[in-house]
Asks: 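Pasting a structure here, questions to come.
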Amino acid sequence: MNALDRVIGYFNPERALKREYARYKMSLVQNSGYGNYGASRSKKSLKGWVGTGGSAYEDIHDNLATLRTRSRDLTMGVPLASGAIKTYRTNVIGSGLTPKPTIDSGATGLTEEQAGEMEKQISREFNLWADSVNCDAERLATFYELQQLSFQNWLMSGDCFAILQMKNRIGSVYELCIQLIEADRVSTPGNDIGIDTGTKIVGGVEVDSTGEVVAYHVAKHHPLSYRNDEHDWVRVEAFGKASGRRNILHVMTRERIGQRRGVPILAPVIESLKQLGRYTDAELVAAVVNGFMSVFIQKKEQSTAPPFGELSEPQDALVDAGDPNSVELAPGAIIDLAPGEEANPVTPGRPNANFDAFVTAITRQIGAALELPPEILVKQFSANYSASRAALLEAWKSFSMWRDWMVEKFCQPVYEEWLSEAVAKGRVSAPGFFSDPAIRQAYSAAQWYGPTQGQLDPVKEVEAAQKRIENCFSTHAKEAMELTGTDFMDNVRAIRQERKLMQDSETTNNNHDGKKEGEKDGKIQTERPDREQ
């Protein structure tokens, strides 16, 4: 008992006993279950750990501005960070995700043949829109290039916005176009960092009393631009009041309940990437300095004549003109020292023999946080076939998940908006499209395909695909898209034409060979005498 308890016990023993008993119960709680492990306050390894936490607002929104700028800075300057972003972009999006319409013939009342013909028509019409820059509000990119840009911005900034506009352009059949908005521009009016605890607007996202997102506030100019003299915002409603149509798409993923803005994918490894970048730069500079061969000339007395005629600085020399005392090393430099000065060479001991092992260990931790095996992250496969295939399969799980997510958040909503315009304009005939949501969904169904998975042994991959088809585990269309990125029906039509051409060619050759044999045997009369006459 401490001094206070002893004083209380002297005047009120019953009260002192209750205090001691309560303290005993608290010690049992703290030393049982998680209280004896991760939540322990008595272990020396955890006593100094003061964890701070809050809601999604305190933990995420308060730090988003810093996370975005640092994430983009890493992408521009640290090779490993740039490689991780581009690896995701190349494998998830590649040259673009392509839709394959899959109309539910039963729900629409069409026969399978009619549904197939309609799918071809929808594909032709969609390519007419998606392959043109008219689908971009800035008229700079096709729909597939917009996929790359939006996905990469989501990776770097945590989220990306796409406003669905309607513009009547000369030479364009469709009016739908997409305007991409960078994450920084969606912010709370009057607050540059997009945080305002006094209103229902969080990070530029306006919600009602039930928590439903009703609008987004978009700054007319980028808030981080030094050329930004205007501070005006435009309120964009999430859905049209009359039609319920999407006005803006918010490409983001949530990790906390109540979260309104996304977090850059590099956020958990920002410090590791920055420190690794600094370490790599230091090793690189040390190795370069170690490769310099510079000559220092020391004089015992003042001399006006420079050694070797004139002192020449190599072209690669870096000299600080503002500091006369600055001496920079360079390849083949000849440096004249003043009387009494002496050069003490420094041996950096580079290249560091442990550099590769250390970087590999840190890369593994970074790859684990990003769900990228180190072989995929650094593009180096030094293990056997089984290990390399396991790394590819594990990475493909992540790529497939993000591809499905990108389709749900960006590609499919844009496709549905385009199809609505195509039906409204009469370019695509879809009875019941606007009268019944179920029929509209049946017409709008599509499968999206992109870059195929890497193949270490194509023969084994093809054999496995054949077995999946034979046992009805998969379809010809699915395997064709996943193995080669092609459409099965297009392949069948092309092969049918190729085989017909080959048969016609073989028939022509056989007839030609038969005539030659007849000429030799004298069985076929030639027209040479007639031509000679």
Side-chain angles (χ1 to χ4, degrees), residues 97 99 101-104 107-110 118-119 121-123 125-130 132 134-139 143 146-147 150 159-170 172-181 185-186 189 200-201 204-220 233-252 260 405-446 448:
L97 303 181
T102 54
I103 298 175
D104 186 351
T108 57
L110 302 175
M118 187 173 181
E119 289 172 359
Q121 181 187 3
I122 292 177
S123 297
E125 289 291 327
F126 183 79
N127 292 335
L128 179 64
W129 175 80
S132 171
N134 290 322
C135 67
D136 182 12
E138 299 178 348
R139 233 170 185 178
F143 175 61
L146 290 177
Q147 293 179 20
S150 60
D159 48 14
C160 179
F161 299 84
I163 299 179
L164 304 180
Q165 298 182 350
M166 304 297 289
K167 288 187 177 182
N168 188 3
R169 289 169 168 169
I170 299 176
S172 176
V173 177
Y174 296 98
E175 299 179 14
L176 176 66
C177 59
I178 305 169
Q179 180 185 7
L180 295 183
I181 303 295
R185 288 184 56 190
V186 178
K200 296 179 181 178
I201 304 176
V205 182
E206 182 179 343
V207 298
D208 60 12
S209 58
T210 63
E212 178 184 349
V213 177
V214 295
Y216 296 87
H217 294 262
V218 182
K220 291 185 177 180
W233 282 259
V234 176
R235 184 177 181 272
V236 181
E237 293 185 355
F239 297 89
K241 292 182 179 180
S243 63
R245 171 184 175 271
R246 289 175 179 265
N247 294 326
I248 184 171
L249 303 178
H250 188 183
V251 182
M252 66 161 287
R260 301 302 178 193
W405 170 85
M406 185 66 179
V407 167
E408 179 184 355
K409 293 293 184 180
F410 184 79
C411 298
Q412 184 65 24
V414 171
Y415 174 78
E416 293 176 2
E417 287 298 319
W418 166 84
L419 185 57
S420 298
E421 183 183 359
V423 175
K425 287 181 177 294
R427 304 280 302 186
V428 175
S429 178
F433 186 88
F434 293 107
S435 60
D436 191 343
I439 295 179
R440 177 177 179 176
Q441 183 179 7
Y443 280 118
S444 303
W448 294 79

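On a predicted model such as this, the values are computed, not experimentally measured, just so you know. Atom set for the values below is all heavy atoms of this structure, side chains included, hydrogens, waters and symmetry mates excluded.
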Asks: Output every pair passing salt bridge (charged side-chain N to carboxylate O under 4.0 Å, His left out) with a member in residues 406-417, not counting sequence neighbours, ordered by first then second residue.
Replies: Arg245-Glu417
Asks: Taking only residues two or more places apart in sequence, or in another chain, which ones meet Ser172 in a side-chain hydrogen bond (donor to acceptor under 3.5 Å, both in side chains)?
Replies: none
Asks: Partners of Arg169 by side-chain hydrogen bond (donor to acceptor under 3.5 Å, both in side chains), sequence neighbours excluded?
Replies: none
Asks: Could you tell me which residues satisfy side-chain hydrogen bond (donor to acceptor under 3.5 Å, both in side chains) with Gln165, sequence neighbours excluded, listed by chain and number?
Replies: Gln179
Asks: What pairs with Ser209 under side-chain contact (heavy atoms from CB on, under 4.5 Å), at least two apart in sequence or on another chain?
Replies: Lys200
Asks: Identify the heavy atoms of Cys135 and Leu146 that sit nearest to each other, and give their distance.
Replies: O-CD1, 4.1 Å
Asks: Are the side chains of Met166 and Cys177 in touch, meaning some heavy atoms are under 4.5 Å apart?
Replies: no
Asks: Residues in side-chain hydrogen bond (donor to acceptor under 3.5 Å, both in side chains) with Ser243, at least two apart?
Replies: none
Asks: Please tell me whether Arg440 and Ser420 have a donor and an acceptor in their side chains that are separated by less than 3.5 angstrom.
Replies: yes
Asks: For Ala442, check side-chain contact (heavy atoms from CB on, under 4.5 Å) against everything at least two apart and list the hits.
Replies: Asp104, Ala107, Thr108
Asks: Is the number of heavy atoms from other residues, nucleotides or ligands under 6.0 Å of Glu175 CD greater than 12?
Replies: yes
Asks: Please assess Ile178 against Leu164 for the test side-chain contact (heavy atoms from CB on, under 4.5 Å), listing each intermediate value before the final yes or no.
Replies: CA-CA 5 Å; Ile178 305 169; Leu164 304 180; 4.3 Å; yes
Asks: List the residues meeting ring pair (Phe, Tyr, Trp, His ring centres under 6.0 Å) with Phe126, not counting sequence neighbours, and say none if there are none.
Replies: Trp129, Phe143, Tyr415, Trp418
Asks: If we only count heavy atoms from C-beta on, is the Ile163 to Asn247 side-chain gap below 4.5 Å?
Replies: no
Asks: With sequence neighbours excluded, what pairs up with Asp208 under the side-chain contact (heavy atoms from CB on, under 4.5 Å) test?
Replies: Thr210, Glu212, Val214
Asks: May I have the list of side-chain donor-acceptor pairs in residues 422-433 shorter than 3.5 Å, sequence neighbours left out?
Replies:
from, atom 1, to, atom 2, distance (Å)
Arg427, NE, Glu125, OE1, 3.1
Arg427, NH2, Glu125, OE1, 3.3
Arg427, NH2, Glu125, OE2, 3.1

Asks: So which atom in Asp436 and which in Ala438 form the shortest heavy-atom distance, rounded to 0.1 Å?
Replies: OD1-N, 3.0 Å
Asks: With Tyr216, which residues qualify under ring pair (Phe, Tyr, Trp, His ring centres under 6.0 Å), at least two apart?
Replies: Phe161, His250
Asks: Can you see which heavy atom on Gly204 is nearest to which on Val186, and at what distance?
Replies: O-CG1, 3.9 Å
